[in-house]
Protein chains: 4
Amino acid sequence: MVKRNKPKYKQIIEAAVIVIAENGYHQAQVSKIARQAGVADGTIYLYFKNKEDILISLFQEKMGEFITKIEAEIEGIESASEKLFMLIETHLSLLAADHQLAIVTQLELRQSNKELRVKINEVLKKYLEVIDLILRTGMEKGEFSKELDIRLTRQMIFGTLDEIVTSWVMSEHKYDLVALAKNVHHFLMNGCCVPVSKTYQ
Amino acid sequence: MVKRNKPKYKQIIEAAVIVIAENGYHQAQVSKIARQAGVADGTIYLYFKNKEDILISLFQEKMGEFITKIEAEIEGIESASEKLFMLIETHLSLLAADHQLAIVTQLELRQSNKELRVKINEVLKKYLEVIDLILRTGMEKGEFSKELDIRLTRQMIFGTLDEIVTSWVMSEHKYDLVALAKNVHHFLMNGCCVPVSKTYQ
Amino acid sequence: MVKRNKPKYKQIIEAAVIVIAENGYHQAQVSKIARQAGVADGTIYLYFKNKEDILISLFQEKMGEFITKIEAEIEGIESASEKLFMLIETHLSLLAADHQLAIVTQLELRQSNKELRVKINEVLKKYLEVIDLILRTGMEKGEFSKELDIRLTRQMIFGTLDEIVTSWVMSEHKYDLVALAKNVHHFLMNGCCVPVSKTYQ
Amino acid sequence: MVKRNKPKYKQIIEAAVIVIAENGYHQAQVSKIARQAGVADGTIYLYFKNKEDILISLFQEKMGEFITKIEAEIEGIESASEKLFMLIETHLSLLAADHQLAIVTQLELRQSNKELRVKINEVLKKYLEVIDLILRTGMEKGEFSKELDIRLTRQMIFGTLDEIVTSWVMSEHKYDLVALAKNVHHFLMNGCCVPVSKTYQ
DNA sequence: GATGAATGAGTTTTCATTCAT
DNA sequence: AATGAATGAAAACTCATTCAT
């Protein structure tokens, strides 16, 4: 049985989310996480190589669930545009539903050192590939412009979503994040210019 | 004469940019910055209240120049769309032209604690207001959709630019950042959908 | 088991006495105390909140023993005058027997900041209460003048003893401190005037 | 003209008294004293060798005045006992009349390092000699017991006075210090025992 | 497997003093 | 005589990680 499936593994990760959300990245000492998890400091090191490993594992676990859920949601959908809408809505819903996780991923984990963020980016790649797939599908189906620069478009979609969620977290969740999905989708599909075609309709 | 205008003030800030870019945020000790600036450790504290104050001042100075230059570029332009293009191109140009500054603002300063980042965000607001102004102008002139949610659109534009520059920095400046301006502008104006109107024209 | 009873607690306090006596208050760095105690610097902070806490605890422990011993010595004695003599002799004996402690309490700890000295004074209060008790007993028994101002008399007795010990420490323990007890007691009982009564004897 | 007589010399010493009384010994930086004195930091060093020299000079000047005044008060007095009373009363009066000076000499200057306190003790010697002289006079005149140990008695008198004033300063001058003179004198003359002789009178 | 006491490296900041003007 | 900008040495404390039990 691998460590990943033992109860204390998840227990420690959940404790880390809570401790980081409540105390901030720099005040999330290993001993605090251990206390929150109800284990001894040393026990942490039976499940994780070091502190950084807790954070990477946290991100992997949470991002894994995140991607799985999004893929499940968009699976049966035909239209690329609708797939994109569902990705946006699920992205916003999942983070709106878990304030602590949102704080940890949008604010706190970004304070980690460059090394850790490189590893986080590797985990993120899987999510970016989901976006890429939607884009390629849309281009093949003629829904999206054939001239899209995939990498650039993916960066813009991800950057857009990320900034929106971060702003929402920094505003202390004052407004309804999910309600923005429709507008976000419309912007990503049509930009901010006046829809010329419609004026001729 | 205020400290801000004394030569050592700027000298220390330039030293901080170099030291942070080369060593990373967490390895940028005050003594290293002092050595780079060619002053004694204690001299730093004649110009800055504490280490955090160096970083905030750095961001204020650089962001101030950044905004001033962008405002100068877009000033005489009539069309909001062209203003937006110029903002994008200048944003990318300025950071492409100063690799060290790009590393510091896109990667290193984000590792700072929440307190510092809150202060950084206050400085950022002035830039976001420039974007807002372009959006409002464009809406009034009929160039941009009248239904734009200003806050949301501004977040998407800034999030897009920020993610593009960050990706470019993390790729270690492997490609031409400024060359992306045209595509970015097109995406922000038209989104990723097939330009329906044009097919009917 | 509370920290106070763990062996390292006392070990660190004894180390602090030695280091302060040998190096002086301002040269008694935490790392020096740790080295003398045979523990790591960090271990100090498992037993003491901060450096000041070491010094307060040192004073509390030593003053606690001091008072306990004096109370034990004077307990069975009937006469208030003899109680006072025993207090004087024990006070001088205990400090004469521990040169290092005498240096620390008479000279070095007085260099501490006001905050620490306020806390030291709180500990001292318990000793002053022992003096008060002797004075009240003596007044009730008719041994001491009924017109004594308790607070003032206590201050004079303590001030006398303190100055004598301090002078002895500053003289670098050149003479026999305990031998002074008899004269000190006589002075405190009779003052410096000619014993009028005796002239009539 | 020696420095001692130049106006800035006294000006700096007065500034030091004020700054130390208001801020405490450890918060009395040279630059603060300079500002209070209305001179530049560097000017201090035209009048004093170093910071310690300010403090020693302060003590010398103030103690000099102190001794001069006390000597003037006791000069014409015949009786040693009355001389002693006048010394006590003047000692208490002078410090009661200058709260700032009392704080500085009783509390703040004692935080200085051992080296400085050794020099302070040298200045104190002159005062102790005044006490010694009274004692010797009294012994010669038959007012004081012929068996007095001069050094010890002087220590007890000084220790008594010092402790009384220190207690008063620490109580934040809550009671009338000078009013205690009579009782203090009576105690120093007769001790705390019941005046046996008088009962026979 | 679990514990938790012990370790020790590493950095910001203050402030007395100097000296060119 | 007076200035005040510049200097640079020095120390408390935290916390990730280990390892004997």
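In what follows, chains carry the letters A, B, and so on, assigned in the order in which the sequence lines appear, proteins first and then strands, with residues in each chain numbered from 1. The structure displayed is predicted, hence computed values, not measured ones.
For the pair B:K32 NZ and E:dG10 P, the computed distance is 11 Å after rounding to whole Å. The interatomic distance linking C:N5 (CG) with E:dA5 (P) rounds to 15 Å, in whole Å. If you measure from atom CD1 of D:I54 to atom C1' of E:dT17, you get 11 Å, rounded to the nearest angstrom. When rounded to the nearest whole Å, the span between CG of B:N50 and P of E:dT11 equals 17 Å. Protein atom CG of C:L55 is 13 Å distant from nucleotide atom C1' of F:dA12, rounded to whole Å. If you take NZ of D:K6 and C1' of F:dA2, they are 12 Å apart, rounded to a whole angstrom. Going from atom NE2 of D:H26 over to atom P of E:dA16 covers 12 Å, rounded to whole Å. Distance CD1 (C:I12) to C1' (E:dA6): 11 Å, rounded to an integer number of Å.
Each of B:V30, B:I33, B:L46 was checked for a side chain to side chain contact (heavy atoms under 4.5 Å, CB included) with B:I12, and the lone residue meeting it is B:I33.
Heavy-atom nearest nucleotides on DNA chain F were determined for C:A28 and for B:D41, and the one closer to the 5' end corresponds to B:D41. DNA chain F is contacted by both B:I44 and C:G42; B:I44 maps to the nucleotide lying nearer its 5′ end (nearest heavy atom per residue).
Ion pairing of C:R117 with C:E122 is absent here, as no side-chain N (NZ or NE/NH1/NH2) approaches a carboxylate O to less than 4.0 Å. A salt bridge links D:D162 with D:R110: at least one charged nitrogen is closer than 4.0 Å to a carboxylate oxygen. Using a 4.0 Å cut-off between charged nitrogen and carboxylate oxygen, D:K32 and D:E22 do not count as a salt-bridge pair.
Across all strands shown, D:K49 has no heavy atoms under 4.0 Å from either base or sugar-phosphate atoms. Contacts of A:F48 with the nucleic acid, taken as non-hydrogen atoms under 4.0 Å apart, are absent. Contact annotation for B:V30: base contact, defined as any heavy-atom pair under 4.0 Å involving a base atom.
The two residues A:L58 and A:A16 make their nearest non-hydrogen contact at CD1-CB, 3.9 Å.
The side chain of C:Q29 has F:dA11 as its nearest neighbour among F:dT7, F:dT17, F:dA11. Between F:dT7, E:dT14, F:dT3, one nucleotide has an atom nearer to the side chain of B:T43 than all others, and that is F:dT7. Here E:dT12 is the nucleotide among E:dT12, F:dT3, E:dT17 with the atom lying nearest to any side-chain atom of B:Y45. Comparing atom distances between the B:Q27 side chain and each of F:dC13, E:dT11, F:dT17 picks out E:dT11 as nearest. Between E:dG4, E:dA6, E:dA2, one nucleotide has an atom nearer to the side chain of C:L46 than all others, and that is E:dA6. Side-chain atoms of B:K8 lie closest to F:dA6 of the nucleotides F:dA6, E:dA9, E:dT12.
Side-chain nitrogen and oxygen atoms of D:S31 include none within less than 4.0 Å of the OP1 or OP2 phosphate oxygen of E:dC15. Close to F:dA6, at under 4.0 Å from its OP1 or OP2, lies a side-chain N or O of B:Y47.
Between D:E108 and D:Q111, the closest side-chain pair of non-hydrogen atoms falls below 4.5 Å. For the pair A:S57/A:Y9, a side-chain contact is recorded, criterion being any heavy-atom separation below 4.5 Å from C-beta on.
Helical stems in DNA chain E, defined as runs of 3 or more consecutive Watson-Crick or G-U wobble pairs with both donor-acceptor distances under 3.5 Å, are listed by first residue as E:2-21 with F:2-21.
Note on ring orientation: taking the six-membered ring where Trp is involved, the planes of D:F66 and D:Y127 are perpendicular (angle over 60°, cut-offs 30° and 60°).
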